Every structure is written in C-alpha cells, then in structure tokens.
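Treat the numbers as computed from the prediction; the structure is a model and nothing was measured. Nothing fancy with the numbering, it's 1 onward along the sequence.
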Amino acid sequence: MSHEHVSYLELLTRGAATEAYDRPVLLARASGAGPEALAELEEAKQLALRVRAELEGRRRREAELSALFATAHDLAGLRDLDAVLRAIVQRARALLGTECAYLSLNDPAAGDTYMRVTEGSVSARFQQLRLGMGEGLGGLVAQTARPYVTDDYFDDARFQHTRTIDTAVRDEGLVAILGVPLSLGSQVIGVLFAADRRARVFEREQVALLGSFAAHAAVAIDTANLLAETRSALAELERANDIIREHSGVIERASEVHDRLSELVLHGGGVHDVARAVSEVLGGTVEFTEEGAGTARRAGGHAVREGDDWVAAVSAGGETLGALVLHGQPDLDPVDQRTLERAALVTSLLLLARRSAGEAEQRVRGELLDDLLDAPDRDRRLLKERAARLRTDSEAPHVVLAARIDRAGGTADQDTGGRESADRQRLWSAATHLAATRRGLASARDGGTVLLLPLGPGESAAELARQTARGLGGTLREPVTVGASAPVRAPLDHPDQLAVAYEEARRCLDALRLLHRAGQGAAAEDLGFLGLLLADGRDIGGFVDRTVGQVVAYDRRRGTDLIRTMDAYFASGMSPARTKDELHVHVNTVAQRLERIGRLLGPDWQSPARALEIQLALRLHALADAVTTP
C-alpha cells in the first residue's frame with residue numbers, strides 16, 4: 001500500500017475535514033508525480049470521501065435513532081406531558097441543528113392554534129402567538145396534513161400571510177421554517193416546527209426525522225388524555241366505594257359526637273378540645289382556624305366542601321369568628337356534615353365566653369398602645385412591666401399595621417351616620433381579639449384600627465399584612481385593607497420609632513386604597529417602585545437588587561453585558577431585530593443574551609408590570625453607577 005493511501009486512511013481515522021483530502025494530491029503534484037500516479041491518487045481520494053460520507057451518515061442515523069429511542073423511553077414512563085413535549089422539541093432542535101423549534105396545538109373551542117412549547121425563542125410576542133385556522137405555514141400544514149418547508153418565509157406565497165403572524169415571525173427573526181403535522185388518525189391536532197434565522201435548505205432526511213418526532217408527540221398527547229380519563233374514572237369509583245363503606249357507621253358516630261360535645265361544655269373544655277373530639281369521631285383531622293371561612297360564611301350555617309376539605313363557619317351575632325376545617329374526609333356523609341355544623345355551633349359559644357372574659361384585657365392592651373404612640377417619653381421600665389403583664393414579647397421585632405374597612409363606593413354614607421361608628425367598633429373588636437391571640441396590641445385610631453404585632457420566624461411585614469387583612473376581612477365579612485410598616489426591633493426600647501412606623505403604615509394603607517386594592521394587605525416592599533416613595537428608609541439599593549440584582553451579579557461575575565442588552569432591548573420596543581442594530585451584534589447574540597436574562601429573572605420578566613419595574617431599576621442602577629464613578 002502506497003504512502004498516499006496510508007494518508008487517506010489516517011484522515012478517515014481521525015475524522016478530518018473534507019478540505020484535508022486534497023493535500024496528498026497537491027503534495028504528489030508538487031513532487032513531480034506522473035499522470036498515472038496522480039489519477040490513482042484522485043481515484044483514492046474520491047473513494048475516501050465516499051467512505052467518509054457513509055461514516056458521517058451512519059453517525060447521524062445513530063444519533064437520530066438514539067434520540068427517537070430516548071423519546072420512546074420517555075413515553076413509556078409518561079408522567080408529565082409538558083416535560084415529554086419539551087424533550088421532543090429540544091431533541092428536534094439539536095438533531096436538525098436549527099436555532100429554534102416549537103410545537104403548536106389546535107384549540108377547537110377557540111377555533112385557532114396556540115404555541116404549546118418553544119425552544120430557542122426569545123420574543124415574547126412570538127411565544128404568545130395564536131393563529132387562526134388556515135393562516136401561515138402552520139395553517140397550510142394543518143389543512144393538507146402534509147409537511148411544508150420554506151427557505152425564505154417572507155418571499156413564499158404558497159400560504160396565507162397575516163399581519164399578526166408576519167410581525168411575530170419578523171420579531172423572532174426567523175427565515176427558514178419546516179413544519180410537519182401532529183396527527184391522530186386522520187385528524188391534525190397541531191404542528192411541529194424547526195426554524196432558522198438564516199436561509200437554509202432542509203434535506204429530505206431531516207423532514208422525515210421531524211415527522212418521526214411529531215408522531216411521538218401525537219402519541220404523548222393521546223396517551224396523556226387517556227391517562228387523565230382513566231384516573232378520573234378510578235377516582236369516581238373510589239369515592240362511590242367509600243360512601244358505601246362508611247354509610248353503615250354514620251348514625252353511631254353522630255350519637256357519639258353529641259355525647260362527647262355535651263360533656264366538653266359541662267366540664268369547661270376549650271376550642272381545641274372540641275376539634276380533637278370531632279377528629280376522633282369523624283376519622284379525619286379537624287382544626288379551628290380564624291381564617292379560611294370563605295364560602296362557608298355565606299352558606300347559612302351549613303358545612304361546605306372546599307377542595308378535599310369540609311369547612312363549617314364559626315359565627316355568632318352576624319360576626320364570623322373563624323371556621324372548623326375537616327381534612328382527610330373528602331366524601332362526607334350528610335349526617336356527618338351536620339355533626340361538623342353542630343361542633344361549629346358549640347365552638348362559637350365557647351369563643352363568645354372566652355371573648356367576654358378577655359374584654360377587660362383588650363382595653364388595657366389598647367391603652368398601652370395609645371401611650372406608646374402618643375407619649376413615647378414615658379418611663380420605659382413601667383411600659384415594659386405593663387407589656388409583661390399582657391404577655392407580649394417586647395424583645396421580638398414588631399410591625400405596626402393600620403387597618404380600615406373598605407366597602408365598594410366608600411366607607412361612609414351621608415344618610416347613615418351611625419354606620420361608620422359601628423364599623424369602627426366591629427373592626428376594633430376583631431382586631432383586639434387578633435392581637436390577643438398573637439401576643440400583640442390593638443387600638444381604635446384615626447377612623448380605623450392600629451395594631452402592633454410581633455413577627456414570627458421567617459415572616460415578613462408584607463406577609464403579616466396579608467394575613468391580617470384576610471383574618472379581619474373573614475371575621476367581619478367585609479373587605480379590610482391593611483398597610484404595614486417596616487419591622488421595628490425591640491419597640492419598647494425605642495418607643496419613639498412607633499409613631500414614625502404608624503405614619504408609614506397609614507401611607508401604605510392610603511396607597512392601597514388609591515390603587516383600588518381594597519381588602520388587601522401590603523407593606524412598602526409589595527408596591528414596587530411606589531414603595532420607595534412610601535417607606536421612610538428609601539431603600540433604593542434594595543429595590544434595584546430585588547429587581548435586577550441577579551443580572552448585575554452575573555455581569556460582574558462573568559464579564560458580560562446583559563444590563564446594557566436589557567437597556568437596548570427596552571429602548572428598541574422589545575424587538576430583538578432592532579436591538580441587534582442598537583448593539584451592533586448579530587441577532588443570534590441578542591437571542592442568546594435574552595435567553596440568559598430569562599433564566600436569571602424568570603419567564604415573566606417581559607410582562608407589562610415587571611417590565612415597568614425592571615426599566616425603573618435599570619435607570620436607578622445607571623444613576624447609582626454615575627454617582628459612584630469618580
């Protein structure tokens with residue numbers, strides 16, 4: 001075997017590029033080889049190139065078969081339809097070497113088609129695209145149930161162009177598109193696409209490969225639908241079987257719970273004793289909660305089902321005091337429902353008795369809070385002694401909350417002067433009860449109520465405000481709006497800070513009402529950039545860090561320029577095509593950067609509300625850099 005033939009074998013062994021196969025012929029020609037030798041070398045080169053092409057084809061087919069096998073394996077263990085469809089789209093994109101792949105499904109109810117899974121897409125408009133039936137390349141595929149490919153989408157007149165579709169495709173920067181049908185029998189349920197942001201020709205083998213992936217995707221959807229129907233049928237059978245099995249013991253349980261509740265009342269039992277007794281009789285877990293009455297309070301004393309739980313409102317005199325919630329018994333017999341309702345009635349009697357005994361203590365709590373707000377210069381030792389007698393935790397961080405009842409159309413009527421006063425009394429009563437259970441303080445003030453509550457472990461001021469709004473609103477059956485201050489550490493050591501915190505809570509309350517968020521609870525941190533104006537701390541750095549801090553840290557750590565990319569993207573109307581002109585980079589570079597930003601900030605970073613806050617944070621970040629740069 002000649003030296004040149006050995007060279008071709010070496011090139012095949014190490015998988016050299018096509019251009020390397022010309023080198024032995026060039027060397028032979030340069031060394032003066034004769035025509036016969038050169039012809040022999042040329043023939044050997046052509047043979048080697050054919051072998052190389054055959055090896056490349058086999059490797060490609062092996063990769064395709066491996067991907068198809070992996071997809072079939074995913075279908076065999078189908079648990080999450082979205083995960084399987086995403087895996088199919090990802091593999092199609094990788095094997096076809098395209099910059100983007102996506103899958104659309106038909107919506108018969110709406111009469112259109114929507115994007116279900118996208119991979120490599122960076123345009124929010126494209127990802128949310130809905131197409132009318134018969135529109136675009138996808139519509140042509142759905143109509144004919146045949147694959148279609150276009151080398152240049154905008155110059156192709158075979159399908160119906162619309163402004164909506166063309167705008168989204170142009171915004172994504174796509175040029176070459178291949179679409180194959182997702183078919184169940186003779187019905188087309190969607191389309192699987194592979195696309196590039198440059199002109200290219202899709203080979204016949206690639207069309208066939210994408211068709212194989214589309215067949216797998218159709219099987220996945222059909223299998224998931226069948227599984228869902230089977231699970232639903234099994235659940236119905238199980239529920240029916242439970243009803244038959246439990247019905248025989250219902251009357252006996254009702255009699256037992258009646259005897260036990262009567263005994264508890266006679267021997268001075270408490271709310272949790274009632275819950276424990278009913279839990280044992282009904283075979284589930286019953287808990288008393290001051291929240292969560294929900295629809296039960298509108299059911300006229302009847303227990304109602306919420307999800308897998310049963311809820312009975314605990315109320316007296318038109319006021320909801322809480323609810324008994326039964327877990328673990330989703331299919332409750334009507335007699336057992338009445339048992340839960342009787343337990344709720346007994347619980348309301350016990351709570352009213354306890355509330356009467358605690359009214360004097362509640363007044364003392366209100367007086368202490370008034371003194372802390374109005375006369376912070378009083379003897380701190382005496383203030384702490386009064387707080388200790390009320391069992392308050394004076395060393396824990398506390399939050400000042402301003403609460404007010406908010407009805408639709410205003411809080412007061414000119415022709416019902418007594419209603420506003422009655423509202424204040426009801427709100428104060430509910431707030432003082434809440435404060436006592438949380439080891440805090442409450443007082444009527446400025447037409448509403450002010451509370452001083454300790455923060456629980458890991459709890460934030462915003463979470464406490466939302467809990468308080470839900471709790472008071474559920475108790476009063478009225479929307480109660482609650483504004484919260486920033487946490488105050490050891491308030492009895494710094495009573496002068498409480499008046500400042502109360503003013504911040506009132507500003508937050510007023511902001512919620514102006515924003516038409518009646519019945520909600522929030523702290524300044526919940527209100528985004530508006531919170532900067534309300535909070536006394538003006539934590540600009542914290543707002544910037546919460547909003548775009550992950551991107552800033554990534555740029556600093558990797559030496560990238562994602563912050564500047566975001567600036568240019570928003571300045572260009574959120575269009576990748578115009579952004580690349582602003583940054584003087586390729587549209588693929590913009591796409592990769594936006595994809596990275598989405599992974600750092602979350603998939604909804606381009607939604608209107610978040611985009612507004614992100615743009616403000618970018619301006620504040622730029623301003624901070626300008627101020628700190630010498």
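Side-chain contact check for Leu453 versus Val399: every heavy-atom pair is 4.5 Å or farther apart. Annotation: side chain of Val551 is not in contact with side chain of Trp605 (no heavy-atom distance under 4.5 Å). At least one side-chain heavy atom of Asp107 sits less than 4.5 Å from a side-chain heavy atom of Arg130.
In this structure a side-chain-to-backbone donor-acceptor pair under 3.5 Å is missing from Ser429 to Gln425. Judged purely by atom type and a 3.5 angstrom limit, Arg305 uses its side chain to pair as donor or acceptor with the backbone of Gly307. A distance-only check finds no donor-acceptor pair linking the side chain of Arg424 to the backbone of Ala444 [under 3.5 Å]. Looking only at distances, a side-chain donor or acceptor of Gln127 sits under 3.5 Å from a matching main-chain atom of Ser121.
Separating the CD1 atom in Ile221 from the CZ atom in Arg116 is a distance of 7.0 Å, to the nearest 0.5 Å. Annotation: the span from Thr449 atom OG1 to Leu401 atom CG amounts to 11.0 Å, rounded to 0.5 Å. Here Gln467 contributes atom CD and Glu459 contributes atom CD; the two are 4.5 Å apart, rounded to the nearest 0.5 Å. Residue Gln606 holds its CD atom at 8.5 Å from CD of Gln128, rounded to the nearest 0.5 Å. Interatomic distance, CG of Leu455 versus CZ of Arg489, reported as 9.0 Å (0.5 Å rounding). To the nearest 0.5 Å, atoms CG (Asp309) and CG (Leu326) are separated by 7.5 Å.
The two residues Leu472 and Leu434 have their closest heavy-atom pair at CD2-CD2, 4.2 Å. Taking each heavy atom of Ser485 and Ala501 in turn, the nearest pair found is CB-O, 3.2 Å. Scanning both residues, Gly448 and Arg404, for their nearest heavy atoms gives N-NH2, 4.3 Å. Pro454 and Ala396 make their closest contact through CB-CB, 4.5 Å (heavy atoms, listed as atom of the first residue, atom of the second, distance). Contact detail for Val482 and Ala465: the closest heavy-atom pair is CB-O, 3.9 Å. For the pair Ala430 and Thr475, the tightest heavy-atom approach, listed with the atom from each and the gap, is CB-CG2, 4.0 Å.
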request  = Could you walk me through whether Val89 and Thr118 pass side chain to side chain contact (heavy atoms under 4.5 Å, CB included), step by step?
outcome  = CA-CA 7 Å; Val89 173; Thr118 64; over 6 Å; no
query = Is there a side chain to side chain contact (heavy atoms under 4.5 Å, CB included) between Thr437 and His433 once you walk through the steps?
reply = CA-CA 6 Å; Thr437 60; His433 176 66; 4.2 Å; yes
